[in-house]
Each structure stands twice: as C-alpha cells, then as structure tokens.
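In this text, all values refer to a predicted model and were calculated from it rather than measured experimentally.
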Amino acid sequence: TVDRTSEFAHGGGTLVDEALGSSARRHLILLHGWGTSRESLRGIGVLFQHAYTVHLIDLPGFGDAPAPPADWHTETYADLVGRYLSERLEGPIVLLGHSFGGRVALRLAA
C-alpha cells in the first residue's frame with residue numbers, strides 16, 4: 001500500500017519518494033542502481049514496511065524523476081538525497097543502496 005508519493009527538488013535535480021508501510025519514526029531509505037528505478041527494490045521494501053517507514057526513491061533521471069543537468073555526478077546525487085533526508089525526515093535512518101545507489105549511500109555515510 002502506498003502511503004504517499006512526493007517530490008523533492010534541490011540544486012537542479014528532483015527525486016521522487018514513495019513512502020510505504022508503518023508510520024514508524026524509523027526510516028529505511030532504498031536507493032536503486034544505475035538504469036533502474038524504485039521498482040527494482042520494492043520487493044525488499046515490502047518486507048520491512050511493518051517495522052519502518054520505507055522510502056522507495058527514484059533518483060534524478062530514473063523512474064518518475066526528471067533528468068538532472070548533464071554535469072551531475074555521484075557527489076551531486078548524494079547532496080540531493082542528504083538534503084532531502086535532513087529537511088523532510090525525523091528519527092533514525094537506515095540507508096540501503098544497490099550499485100549506484102550504494103555509491104550514493106556511501107558518500108552520505110562518509
């Protein structure tokens with residue numbers, strides 16, 4: 001069940017967040033790999049939706065998110081996601097990324 005879908009724009013890029021599950025103040029952020037979308041991680045997300053608010057993210061240029069400027073790179077994607085997390089979410093956050101999403105998560109964790 002989809003609780004809500006929202007967009008967040010910063011620095012010329014826009015991400016799409018589909019939040020699933022509980023209204024827990026614990027958040028599980030799922031970041032997809034290059035060339036895919038939030039749909040690729042939906043199966044994992046539904047497993048955790050009873051314990052977390054699961055956020056299925058479309059990074060700029062993938063899924064339902066519009067393409068970013070041509071000069072975007074890993075740091076820019078991480079800046080957008082980090083800004084989203086700090087401005088929109090409260091409580092503990094767990095990041096899980098596949099491939100490119102993992103690179104973005106590593107930059108955020110560092």
> Hey, are the side chains of Thr53 and Leu20 touching, using non-hydrogen atoms and a 4.5 Å cut-off?
Replying inline: no

>> Is the shortest side-chain heavy-atom distance between Thr76 and Pro68 below 4.5 Å?
In response: no

> Is the shortest heavy-atom distance from the side chain of Trp34 to the side chain of Leu59 under 4.5 Å?
Replying inline: no

>> To the closest 0.5 Å, what do you measure between CG (Leu96) and CG (Leu41)?
In response: 7.0 Å

> When the ring centroid of His55 is compared with that of His27, is the distance short of 6.0 Å?
Replying inline: yes

> In terms of hydrophobic clusters joined by side-chain contacts under 4.5 Å, are Leu31 and Leu106 together?
Replying inline: no

> Should Val54 and Leu30 count as side-chain neighbours, where that means a heavy-atom distance under 4.5 Å?
Replying inline: yes

> What heavy-atom pair brings Ser37 and Gly63 nearest, and what distance separates the two atoms?
Replying inline: CB-CA, 3.7 Å

> About how many Å separate OG1 of Thr14 and CG of Leu80, when rounded to the nearest 0.5 Å?
Replying inline: 7.5 Å

> Within a radius of less than 6.0 Å around CZ of Phe48, do more than 12 heavy atoms belonging to other residues, nucleotides or ligands occur?
Replying inline: no

>> I'd like to check Arg42 versus Leu56 (side-chain heavy atoms, cut-off strictly below 4.5 Å). Are they in contact?
In response: yes

> Just how far is it from atom CD of Glu75 to atom CZ of Arg103, taken to the nearest 0.5 Å?
Replying inline: 8.0 Å

> What residue among Leu108, Val94, Leu85 forms side chain to side chain contact (heavy atoms under 4.5 Å, CB included) with Ile29?
Replying inline: Leu85

> With distance as the sole test, does His32 use its side chain to make a donor-acceptor pair with the main-chain N or O of Glu39 at under 3.5 Å?
Replying inline: no

>> Keeping Asp58 on the side-chain end and Leu15 on the backbone end, is there a donor-acceptor pair under 3.5 Å?
In response: no

>> Counting C-beta onward and ignoring hydrogens, is there a side-chain heavy-atom pair between Asp17 and Tyr84 closer than 4.5 Å?
In response: yes

> Which is it for Asp79 and Arg107 under the salt bridge (Lys or Arg N to Asp or Glu O under 4.0 Å) test, yes or no, and what are the steps along the way?
Replying inline: CA-CA 9 Å; Asp79 181 56; Arg107 288 207 174 270; over 6 Å; no

> Do Leu95 and Ile57 sit in the same hydrophobic cluster, where Ile, Leu, Val, Met, Phe, Trp and Tyr count as joined when their side-chain heavy atoms come under 4.5 Å apart?
Replying inline: yes

> Within a strict 4.5 Å, meaning less than it, do heavy atoms of the Arg38 and Phe62 side chains meet?
Replying inline: no

> Same cluster for Tyr77 and Leu89 if Ile/Leu/Val/Met/Phe/Trp/Tyr side chains link at under 4.5 Å?
Replying inline: yes

> So with a 6.0 Å cut-off around CD of Glu87, is the heavy-atom count from everything else above 12?
Replying inline: yes

>> When you measure from the side chain of Ser40 to the backbone of Thr36, do you find a donor-acceptor pair of N or O atoms at a distance under 3.5 Å?
In response: no

> Are any of the side-chain heavy atoms of Arg88 and Ser6 separated by less than 4.5 Å?
Replying inline: yes

> How far apart are the closest heavy atoms of Gly33 and Ser99, and which atoms are they?
Replying inline: CA-CB, 4.0 Å

>> Tell me whether His10 at atom NE2 has more than 12 heavy atoms from other residues, nucleotides or ligands lying less than 6.0 Å away.
In response: yes

